[in-house]
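So the structure is just underneath, and the comments pick up after that.
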Amino acid sequence: MSALTYATPAIPEFSALDQACVNAIRTLAMDGVQKANSGHPGAPMGLAPVAYCLWNKILNYDPAAPLWPNRDRFVLSNGHASMLIYSLLHLAGVQGDGQRKPVTLEELKKFRQLGSVTPGHPEHHLTSGVETTTGPLGQGIANAVGMAIAQKWIAARYSKPGFESLFDHHIYVICGDGCLMEGVASEAASLAGHLKLGNLCLIYDDNSITIDGRTSLAFTEDVLGRFEAYGWNVLRETDANDLPRLAQAIESAKTTADRPTIIALKSIIAFGAPNKQDTKEAHGEPLGDEEIKLAKRFYGVPEDQKFFVPPDVYEHFAAGIGKRGAELHSAWDAKFAEYKGNFPDLALQLETMEKDELPVGWDKEIPTFPADAKGLATRDSSGKVLNAIAKNVPWVVGGSADLNPSTKTKLTFDGAGTFQSDSPGGRNIHFGVREHAMGAIMNGMALSKLRAYGSGFLIFSDYGRPAFRLASLSGIPVVYIFTHDSIGVGEDGPTHQPIEQLMSLRAIPGVIVIRPADANEVAEAYRVAMTSTHEPIVLAMTRQALPTLDRSKYATASGLQKGGYILADAPGGKPDVILIATGSEVTICVDAYEKLTAEGVKARVVSLPSWELFGKQSPEYRDTVLPPSITARVCVEMGAAFGWEKFAGPRGGIHAMHSYGESAPLKDLLKHFKFTVEAIYDAAKAQLTI
Ligand SMILES: Cc1ncc(C[n+]2csc(CCOP(=O)(O)OP(=O)(O)O)c2C)c(N)n1
Ligand SMILES: [Mg+2]
């Protein structure tokens, strides 16, 4: 298992100055945590040598241009060691990128303070050079797998003979025991092994300690054996302070192209702090002034200076990663200009992708669906619209967690292909039954500029929720297509019938949930999804067929763009009662409306496919759709009632689910749970008598 010798071409040389750089990382971390009076000093101290080696000797990264597309990616999956990445970003001189600010010495002193770019855990949207938001353990590993997939995909699609160097970056991740205990990491590592992602290198801080104490308390399996079984290249390193050896190990990982590599590093938490090293006390709390002095004495650096960086340390980083990165970047620019001359269309695609824009004509094939009483399931119209868009947006790449035939998300046009190790340009990804990793991998793909989508049953969105939350927090526009969106699932029964899922997704700040009522609302929902640049989108689709509404009779589906709109109205726009619904319940309301109207009752139907989009409209618009003076209302959704009070108001009724579903044919369920035209009609009439 362990590779004892490495055959690498050039082993970097190391000097006392290199050691000074390592110590600067350590002391900045100790001082930052101490000043904040909170945080984790131990991991950065143990990991400083390997992180230093990687950054200053190996990483192809231009600190002056943190968004350079072919940069090597660095992910700190054990985000609690955030002072490690902040110190590296600072010492390497990583600049702001136009949107996000750099980590200055002042920012290091503001570690964990309001408004700083050095929050408790690294946040992608705040800090220049932070490739992904980490902290919830395990996520970073799965993000990195997504980045590795993206690199392979972009290289396969865009590389041309003689231009391989434009697309050859690597993905490096540091993680700890905690990350490797988490299921999401196992899911992602399993897929990475299957896909033979040789561009991925995981450095495992195998320090045998977590917050509760030794890993012997709860983590005793053969971790590396597991990775071998996944098909990874496994290297074991025992001396976390042997700089040349660490560099060799990383170089060896880099040259192993046929599978991902894990380097297990036996490090010592809080190395150098005499009373705290190798103890759980090095975790989650500052070392204390006295212990910091002792550690600084051990490292041979000034004991009484805080946030001290010897000037030649900055210079050494500039001469290492700085010089290397600048040279590589300018060579890349020249090469890309040549590429652009030879392949202008491909270059334009890459530039459009980098800018988070869409190609001209991206929506030209989105269909309009004719009125049809029988209609089709929104999962089916979704599949058609997705394909129509993906055909014209070459970097739409995604798949499902083993439910392609059900979610209808397969890209079926010529040349779409399947992403596998021998076909890395394929656009259909088989994530396997791994919803959590799918979400986190999608985040990594999107951070590398692919328009990533993933799909499954709405009920299993629960399995991916931590990744959705991080997508939203960090502003990543991934698209989830969740089908089987209600008890309308039918015979599969309550284990497969979502109840609280819609509401719980709506509860994640920043996520836009859209539940279209018919095929034309589906088309509009995809327009919203594709033009989102910073918000994750959830599309909730039915398994069962829904009529395609006659838009010459009812309002046009473009109203979806506003989240909610008047679909059918009372004469003169003066209703006495409003029926409000989403998705499959909209047609039930339309039928109830027709019945009420035939009797002379003045009713209105509001289709409310997206609470979040509706919430973004002006109060005037919202009041036009739902006038506060009209308190007779019936809200209808085959999901949890929780939350609907917002639209029902103090007097309105809520027609929703108050229990789990049942296993039965759809028509029996609709009757049993009273999602019928008659029941809604009755509820509306009852409202008029209150
Ligand atoms: C999903 C998740 N659960 C719990 C935590 C809280 N937490 C932060 S660090 C940590 C222990 C991590 O141990 P390890 O990865 O070995 O880091 P080390 O102690 O070696 O630095 C825990 C449980 C978290 N950040 N994420
Ligand atoms: Mg540990």
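As the structure lists them, so they are numbered: ligands from 1, and atoms in each ligand from 1.
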Shortest protein heavy-atom distance from [atom], along with the residue and atom involved:
| atom | answer |
| --- | --- |
| atom 16 (O) of ligand 1 | I209 O, 2.9 Å |
| atom 20 (O) of ligand 1 | N207 ND2, 2.6 Å |
| atom 18 (P) of ligand 1 | H283 NE2, 3.3 Å |
| atom 1 (C) of ligand 1 | E182 OE2, 3.2 Å |
| atom 14 (P) of ligand 1 | G178 N, 3.5 Å |
| atom 4 (C) of ligand 1 | L137 CD1, 4.5 Å |
| atom 9 (S) of ligand 1 | H80 ND1, 3.4 Å |

Output field: ring centroids [X]/[Y] closer than 6.0 Å:
| X | Y | result |
| --- | --- | --- |
| H90 | Y314 | yes |
| W55 | F317 | no |
| H430 | F419 | no |

Salt bridge or not for E303 and K293, using N-O below 4.0 Å? no
Ion pair check, D356 and R451, cut-off under 4.0 Å: no
Subset of ligand 1 atoms that lie under 4.0 Å from at least one heavy atom of [X]:
| X | answer |
| --- | --- |
| A43 | 21 (O) |
| I269 | 19 (O), 21 (O) |
| G176 | 15 (O) |

Whether I211 lies under 4.0 Å from ligand 1, heavy atom: yes
Touching ligand 1 at all, G135? Heavy atoms, strictly under 4.0 Å? yes
Any non-hydrogen protein atom below 4.0 Å of atom 11 (C) of ligand 1? yes
Closer than 4.0 Å and a protein heavy atom, does any atom meet both conditions relative to atom 6 (C) of ligand 1? no
Between the side chains of D18 and H316, is a donor N or O closer than 3.5 angstrom to an acceptor N or O? yes
Parallel, tilted or perpendicular: which fits the ring planes of F460 and F457, with parallel below 30° and perpendicular above 60°? parallel
Give me the ring orientation class for F482 and F468: parallel if the planes are under 30° apart, tilted from 30 to 60°, perpendicular past 60°. tilted
Could you tell me whether any N, O or S atom belonging to I269 is less than 2.8 Å from the Mg ion (ligand 2)? no
Compute the angle centred on the Mg ion (ligand 2) spanning OD1 of N207 and OD2 of D177, and express it rounded to 10 degrees. 80°
Is the number of heavy atoms from other residues, nucleotides or ligands within 6.0 Å of OH (Y660) greater than 12? no
State whether the shortest distance between N or O atoms of T210 and N or O atoms of ligand 1 falls below 3.5 angstrom. no
Using a plain distance cutoff, I'd like to know if D177 has any nitrogen or oxygen under 3.5 Å from a nitrogen or oxygen of ligand 1. yes
Closest heavy-atom pair and its distance - S267, G46: CB-O, 4.0 Å
Grab the two heavy atoms, one from N207 and one from D278, that are nearest each other, plus how far apart they are. O-OD1, 4.4 Å
